[in-house]
Amino acid sequence: MSWLLLVLAGLFEVAWAIGLKYTEGFTRLWPSVATLAAMAASVVLLGIAMKNLPVGTAYAVWVGVGAVGTAILGMVLLGEPSSPGRLISLGLIVAGIVGLKLATPA
């Protein structure tokens, strides 16, 4: 259950990272409200997941899921470049996330 909560926390991290773009510096009300709610949900779920997971593993996976998800959505939604180097680098982050999962008992 902790791993599921951790991945969900990472997905909320993606939501708030992308949401920041749409807040236009927190000048738009509803995108700002949604972004702040996603921030809160992300951190709360991370904290709950850390009850049963090592802090280093949990934090690294949270950041990794957020980084990969945000980069992919940046490419898809915002037209950011998707060069082979970027895609390979994202694949390496995913490999690190999988490695941490496999190496962590819980």
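Proximity of a side-chain donor or acceptor of T23 to a complementary backbone N or O of R28 within less than 3.5 Å is not detected.
Using a 4.5 Å heavy-atom cutoff, the side chains of L8 and L4 are not in contact. Looking at heavy atoms from C-beta onward, L6 lies in side-chain contact with L46 at the 4.5 angstrom threshold. Under the 4.5 Å side-chain criterion, counting only non-hydrogen atoms from C-beta, K21 is not in contact with T70. In this structure, the side chains of K101 and V7 stay at 4.5 Å or more apart for every pair of heavy atoms.
When every heavy atom of A71 is checked against every heavy atom of R86, the shortest pair comes out as CB-NH2, 4.4 Å. Residues L87 and S82 approach most closely at CD1-O, 3.8 Å, considering heavy atoms. Scanning both residues, M50 and A58, for their nearest heavy atoms gives CG-CB, 3.7 Å. Taking both residues in full, the closest heavy atoms of P54 and T104 are given as CD-CG2, 3.6 Å, listed atom of the first, atom of the second, then distance. Nearest approach of A9 to L45, heavy atoms of both residues: CB-CB, 3.6 Å.
Under the 4.5 Å side-chain heavy-atom criterion for ILVMFWY residues, no single connected hydrophobic cluster contains both L36 and F12. Linking ILVMFWY side-chain heavy atoms closer than 4.5 Å, directly or via other members, places M1 and V61 in two distinct hydrophobic clusters. Under the 4.5 Å side-chain heavy-atom criterion for ILVMFWY residues, no single connected hydrophobic cluster contains both I88 and I93. Both V68 and W62 are part of a single hydrophobic cluster, where members link through side-chain heavy atoms under 4.5 Å apart. Clustering ILVMFWY residues whenever any of their side-chain heavy atoms sit less than 4.5 angstrom apart, transitively, puts V63 in the very cluster that holds L53.
We find the CH2-CG distance between W3 and N52 to be 11.5 Å, quoted to the nearest 0.5 Å. For the atom pair CG (L73) and CD1 (I18), the distance works out to 5.0 Å, reported to the nearest 0.5 Å.
Residue pairs meeting the ring pair (Phe, Tyr, Trp, His ring centres under 6.0 Å) criterion with at least one partner in residues 26-52, sequence neighbours excluded, are absent.
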